[in-house]
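Just so you know, these numbers use all the heavy atoms, side chains as well, and skip hydrogens, waters and symmetry mates.
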Amino acid sequence: MGRGLSKRRLGRIALALVGLALAGLIAAFTLRPSTEAYPTLAVRPGPAMPGQLTVRFLGTSTLTFDDGRDLVMIDGYLSRHGAVALLTQPLRPDQAAIARHLKRAEIRRVSALYVAHTHFDHALDSASLAKTYGAALNGTETMAAIAVAEGVEASVQRLKSGQSSTVGAFKVTPYSTPHSPGDVAAGATAADFRIPARARAYPEGGAHSFLIEHGTCRILIVPSAGHPGDAFHGLRADVVMLGVGNLSRQGPEAIAAYWRDTVTATGARLVVPIHWDDFSRSLDQPLKPFPYAVDRFDLTMTQLTALAGDQVALRLPRAFDAMDWSALPPGGCT
């Protein structure tokens with residue numbers, strides 16, 4: 001009798017422990033850090049003055065730079081397929097979503113599009129956008145293969161580290177920099193790429209950062225949180241758009257080195273984190289960080305805030321809104 005009771009009790013305890021573990025796992029993949037504790041960039045009031053630079057963040061590392069004459073885009077990715085589709089289904093650009101989000105961002109033209117690397121969250125919509133707007137598409141050999149698969153006839157201008165190109169009043173210089181540790185498409189190659197393609201079929205294809213110069217304003221975009229070594233030593237930047245995806249997994253020492261060789265090395269006074277939002281959420285929804293089980297955005301921001309101190313402004317971007325940099329110390333971008 002006692003033994004039977006003991007076994008039943010042990011069974012209930014084991015079942016309870018399994019339930020707690022399952023609840024913890026579900027929570028880790030559903031609960032996520034809040035962004036409310038961190039200051040955000042102000043929204044520039046009113047329309048842009050003629051020739052004034054307008055910068056917008058469209059989630060992940062998709063950015064637009066518009067001076068009223070030309071618009072330069074980094075990493076066209078607006079489709080934002082849901083988590084189930086990303087894990088299980090072949091992907092195509094979602095033309096309805098792309099058109100809807102471009103309209104919201106007041107984008108009517110794209111002069112040139114630069115693709116940092118060719119994982120799906122950077123390259124999925126790039127060839128389609130370039131084709132729609134007749135934009136010059138700039139990327140790697142892998143981006144060229146993706147464009148061919150999508151039926152884009154215009155040639156892809158190859159990125160060469162340190163070699164600048166001009167787009168109207170813009171000067172854009174790519175720098176070869178490492179991808180953050182880990183490859184979601186390990187083993188994928190451009191040789192067997194077909195459309196539609198699963199997320200894991202989009203190979204990295206070599207990663208790049210970009211320095212955009214417009215007038216006296218110098219903006220460094222680092223889409224992926226790989227340590228750049230001395231790639232930016234000797235460069236000057238007013239603003240760094242700093243990729244922070246999965247940075248928490250690299251540890252405090254790596255985060256400090258990353259900051260040192262991107263922000264401190266360039267003398268930037270404003271840092272705008274990018275590639276922190278959950279790219280499986282539609283841009284019709286508010287931007288939110290990834291769940292705790294995927295990335296600890298809160299830990300990353302705590303350390304970056306400490307590194308910034310009172311010398312560097314650290315501000316999260318708002319999706320779609322024109323960035324107001326008027327609070328910057330006097331310099332090139334004001």
Next on the checklist: Please evaluate residues R56 and E106 with respect to the criterion side-chain contact (heavy atoms from CB on, under 4.5 Å), reporting the C-alpha separation (whole Å), side-chain torsions for both, the decisive distance (0.1 Å), and the verdict.
Outcome noted: CA-CA 10 Å; R56 299 179 193 270; E106 302 177 8; 3.4 Å; yes
Nearest heavy-atom pair of [X] and [Y]: which atoms, and what distance?
X	Y	value
D238	R236	OD1-NH1, 3.1 Å
P228	T177	CB-CG2, 4.1 Å
H179	A207	N-CB, 3.9 Å
L41	P317	CD1-CA, 4.4 Å
W259	L242	CE3-CD2, 4.3 Å
L314	A308	CB-CB, 4.3 Å

Item to check | Among N138, I219, L159, the one residue meeting side-chain contact (heavy atoms from CB on, under 4.5 Å) with F210 | outcome: L159
Short side-chain to backbone donor-acceptor contact, [X] and [Y], under 3.5 Å:
X	Y	value
H227	G229	yes
Q250	G226	no
T118	E204	yes
Q303	P252	yes
R269	Q311	yes
R281	P286	yes
D125	L78	yes
D230	H233	no

Checklist entry - Is there a ring pair (Phe, Tyr, Trp, His ring centres under 6.0 Å) between H208 and H117 once you walk through the steps? => result CA-CA 7 Å; H208 293 80; H117 65 273; 9.3 Å; no
What I'd like to find out is whether the side chain of [X] reaches to under 4.5 Å of the side chain of [Y], using heavy atoms alone.
X	Y	result
D284	R100	yes
L53	V55	yes
T189	P203	no
T64	L71	yes
L270	V240	no
L63	M73	no
C217	W325	yes
V263	Y258	no

Checklist outcome for this item: With D278 as partner, the option from R80, R32, Q285 fulfilling side chain to side chain donor-acceptor pair (under 3.5 Å) is R32
Can you get from [X] to [Y] by hopping between Ile, Leu, Val, Met, Phe, Trp and Tyr side chains that sit under 4.5 Å apart?
X	Y	value
L299	V294	no
L113	V148	no
V172	L235	yes
Y114	V152	no

Item to check | T40 and R318: CA distance, side-chain angles, deciding distance, side-chain hydrogen bond (donor to acceptor under 3.5 Å, both in side chains) verdict | outcome: CA-CA 7 Å; T40 56; R318 304 170 190 263; 2.9 Å; yes
Taking the ring centre of each residue, are [X] and [Y] less than 6.0 Å apart?
X	Y	answer
Y202	F193	yes
H275	H122	yes
F297	Y38	yes

Item to check | I212/V72 under side-chain contact (heavy atoms from CB on, under 4.5 Å): CA gap, chis, key distance, verdict | outcome: CA-CA 9 Å; I212 292 185; V72 172; 4.3 Å; yes
Roughly how far, to the nearest 0.5 Å, is [atom2] of [Y] from [atom1] of [X]?
X	Y	atom1	atom2	answer
L129	L137	CG	CG	9.5 Å
H81	L87	NE2	CG	13.0 Å
D66	H214	CG	NE2	9.0 Å
S126	I146	OG	CD1	8.5 Å
R200	L91	CZ	CG	10.0 Å
T60	L283	OG1	CG	7.0 Å

Next on the checklist: Tell me whether R109 forms a cation-pi arrangement with Y133, defined as NZ or CZ under 6.0 Å from the six-membered ring centre and within 45 degrees of its axis.
Outcome noted: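 No, cation not above the ring by the 6.0 Å, 45° rule.
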Item to check | From CA spacing to verdict: side-chain contact (heavy atoms from CB on, under 4.5 Å), W276, T35 | outcome: CA-CA 10 Å; W276 53 266; T35 59; 3.9 Å; yes
Can you see whether [X] engages [Y] through a side-chain donor-acceptor pair at a distance of less than 3.5 angstrom?
X	Y	value
S61	D75	yes
S180	N246	no
S176	S161	no
E150	S128	no
S79	D94	no

Next on the checklist: ring pair (Phe, Tyr, Trp, His ring centres under 6.0 Å), that's the test. Do F120 and F279 meet it? Break it down for me.
Outcome noted: CA-CA 10 Å; F120 76 94; F279 49 59; 5.3 Å; yes
Checklist entry - Checking salt bridge (Lys or Arg N to Asp or Glu O under 4.0 Å) for the pair R296/D298: CA distance, chi angles, key distance, verdict? => result CA-CA 5 Å; R296 290 298 304 270; D298 54 330; 2.8 Å; yes
Checklist entry - Between R158 and T140, is a side-chain contact (heavy atoms from CB on, under 4.5 Å) present by the stated rule, with each step listed? => result CA-CA 5 Å; R158 305 302 195 269; T140 61; over 6 Å; no
